[in-house]
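See below for the structure under consideration.
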2 protein chains.
Amino acid sequence: MTGRRNPGERRRRMIEAACELIPEVGVNGLTHRLVAARAGVPLGATTYYFASLDDLVAAALARAAEVTEEGLGLWSEELERCADVPATLAALTADYLRERDRMVTWNELYAAAAHRPELRPLARLWLDGLTRSLSGYAGARAARAAAVFVDGALLYSLINDEPLDTESLERSLAALLGMDAA
Amino acid sequence: MTGRRNPGERRRRMIEAACELIPEVGVNGLTHRLVAARAGVPLGATTYYFASLDDLVAAALARAAEVTEEGLGLWSEELERCADVPATLAALTADYLRERDRMVTWNELYAAAAHRPELRPLARLWLDGLTRSLSGYAGARAARAAAVFVDGALLYSLINDEPLDTESLERSLAALLGMDAA
DNA sequence: CCAGAAGTAGTACATTCGTACATGTACAAG
DNA sequence: CTTGTACATGTACGAATGTACTACTTCTGG
C-alpha cells in the first residue's frame with residue numbers, strides 16, 4: 001500500500017527527509033540530490049513533486065512549523081491544568097531546549113525568514129502562539145516578554161553546551177509574568 | 001599609499017566586503033567571486049590571502065564580533081554613568097535593534113556556530129560580555145537572564161517589522177534585573 | 001645590481017548544482 | 001483493448017563554485 005505508486009507517501013517522505021537534513025546541513029545546504037538520497041527516491045522525483053528547490057525547502061519548514069504548533073497545543077493544555085504557571089513553563093522550556101535538532105531547525109527558519117520575507121509568517125507562529133497561550137495568565141506585554149525570553153533561551157542553548165538550568169528559567173519567567181503586578 | 005601594493009589593506013578590504021555581503025546573501029551565500037567583486041580585487045587574491053573559503057568566512061565573523069565587542073564597551077560606559085540601569089539598557093537595546101544588518105549578521109553567526117563548534121566561542125562573546133557588564137548591577141543569574149532576554153529581542157526584531165518598543169523592553173529588563181530582590 | 005621572496009592577476013579544471021527532458025510504466029475511463 | 005493521464009526514473013546540460021596553477025610584477029637584502 002505504501003509501495004511504489006503512492007504520490008502522497010512519496011511527497012511526505014521527501015519532506016521528512018528534508019526535515020531530517022536541515023539540522024545536519026542547514027537550510028542552505030539542502031540539495032535535490034541530498035533529499036533524494038535520504039528519502040530513497042530518484043533525483044527526478046524531487047523536481048516532479050516540487051517546482052523548485054525553494055518550494056521543497058518551504059514545504060519542509062512548513063512541516064517543521066506544523067510540528068511546533070502541535071507541541072504548542074500540548075503546552076497550552078499543560079499550562080491550563082497546572083498550579084504554578086512559571087514553574088511549569090520553565091520545566092517545559094527546559095525539556096524543549098534539550099532537543100537540539102529542533103532548536104537548530106527553528107533557528108534555521110529564523111535565519112531563512114530574515115532573508116525571505118514570505119517565510120516570516122511561518123517563523124512568527126511559535127512566538128505568537130506562545131504569547132497567546134500565556135495571555136491567559138498575564139498581561140499582553142508580560143506574555144510577549146516571557147515568549148521573547150524563551151526564544152532567547154533557545155538561542156543560548158544553540159551556542160552553549162549546557163542550556164539554562166530550570167531554576168534560572170523559572171525565576172526569570174516568574175519575574176516577567178509578574179511584572180504587571182509590580 | 002593605499003594603492004596596488006598593500007597586503008594589509010587588501011586583506012582588510014576583503015574582510016570588509018565579506019562583512020557587507022553576509023547580511024545580503026547569508027554566510028552560506030558567500031563565494032570567493034562575490035567577495036572579490038565587492039572588494040574590487042581579482043579572484044586570485046581571495047585564495048592567496050585565505051587558505052580556504054571557510055577561513056575567509058571565519059575572518060569576517062571574527063571582525064563582526066570585534067565590532068560588537070567595541071559596541072559592548074560603549075554600553076558598559078553608558079551603563080556605568082547612568083542613573084537608571086534598566087531604562088538605559090532598554091534604550092540602548094532599542095537603538096541596537098534598529099540596525100537590521102547587525103542583527104542579521106549576528107544571527108548568521110549563531111546559525112553558523114550551531115553547525116561549527118569552533119565558532120561558538122566567537123558567538124558567545126556578545127552574550128557573555130553583556131552578562132559581565134550587567135553583573136555590576138544585579139546577581140549573576142539576573143544579569144544572564146537580562147542578556148538572554150536581549151538576545152530574544154534580537155530574534156524578535158528579525159521576523160517582525162516592528163521591533164519591541166522601548167517601554168516593553170524597560171519593564172521586562174527591570175523585572176529581570178530586580179528578580180533577586182523579589 | 002641582482003637574486004629570491006612576496007604580492008598580483010588571469011585562467012583552467014574538476015566537481016556539484018538546479019533543472020529540463022525523454023522514455024517508460026501503471027492505472028482509470030470509454 | 002485502447003487511450004489518455006498521472007507517476008517514475010535515468011540522463012543530460014549549462015551555470016556556478018572552490019581551488020590550483022602559471023606567468024608577471026614589485027620589492028628587499030646582500
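On a predicted model such as this, the values are computed, not experimentally measured, just so you know. Chain A is the first sequence line, chain B the second, and so forth, proteins listed ahead of strands; every chain is numbered from 1. Computed from heavy atoms alone, side chains included, the values below leave out hydrogens, waters and symmetry copies.
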Hits for salt bridge (charged side-chain N to carboxylate O under 4.0 Å, His left out) against A/E70, two or more places apart or cross-chain, chain-then-number order -> none
Quick check on contacts: within residues 20-32 of chain A, what sits under 4.0 Å from DNA chain C by heavy-atom distance? A/L30, A/T31, A/H32
Of all residues at least two apart in sequence or in a different chain, which pass the side-chain contact (heavy atoms from CB on, under 4.5 Å) check with A/A153? A/L97, A/L164, A/L169, B/V148
To the closest 0.5 Å, what do you measure between CZ (B/R171) and CG (B/D165)? 9.0 Å
Please state whether the phosphate of D/dT9, meaning OP1 or OP2, lies under 4.0 angstrom from any side-chain nitrogen or oxygen of A/R10. yes
Assess the side chains of A/W126 and A/D151: does a donor N or O sit below 3.5 Å from an acceptor N or O? yes
In terms of hydrophobic clustering (I, L, V, M, F, W, Y; side-chain heavy atoms under 4.5 Å; direct or indirect links), are B/V35 and B/L43 co-clustered? no
Heavy atoms under 4.0 Å, any strand shown: does A/A45 hit a base, just sugar-phosphate, or nothing? base
Atom pair CZ/CG of B/R124 and A/L158 - distance to nearest 0.5 Å: 12.0 Å
Who passes side-chain hydrogen bond (donor to acceptor under 3.5 Å, both in side chains) against B/R132, sequence neighbours left out? none
Whole-Å gap separating P (C/dT8) and CD (B/E9): 11 Å
Between A/R144 and A/T131: side-chain donor-acceptor atoms closer than 3.5 Å: no
Quick one, which residues of residues 33-41 of chain A touch DNA chain C with a heavy atom under 4.0 Å? A/R33
Got a list of protein N/O to nucleotides 24-27 of chain D N/O distances below 3.5 Å?
residue, atom, partner, partner atom, Å
D/dT26, O4', B/R5, NH1, 3.4
D/dT26, O2, B/R5, NH2, 2.8

Measure CZ/B/R13 against P/C/dT8 and give the value in whole Å, please. 11 Å
Report the residues that fulfil side-chain hydrogen bond (donor to acceptor under 3.5 Å, both in side chains) with A/E24, sequence neighbours left out, ordered by chain and then residue number. A/R38
Within residues 47-64 of chain A: residues closer than 4.0 Å to DNA chain C (heavy atoms): A/T47, A/S52, A/L53
Not counting sequence neighbours, which residues clear side-chain hydrogen bond (donor to acceptor under 3.5 Å, both in side chains) with A/R63? List them please. A/E66
Rounded to whole Å, how long is the line connecting atom CZ of A/R11 with atom C1' of D/dA8? 16 Å
Test side-chain contact (heavy atoms from CB on, under 4.5 Å) applied to A/A123 - qualifying residues, sequence neighbours left out: A/L109, A/Y110, A/A113, B/I159
Output all residues satisfying side-chain hydrogen bond (donor to acceptor under 3.5 Å, both in side chains) with A/Y96, sequence neighbours left out; order by chain, then residue number. none
Can you list everything that forms a salt bridge (charged side-chain N to carboxylate O under 4.0 Å, His left out) with A/E16? Sequence neighbours excluded, please. A/R12
Can you tell me how far P of D/dT22 sits from CG of B/L43, to the nearest Å? 17 Å
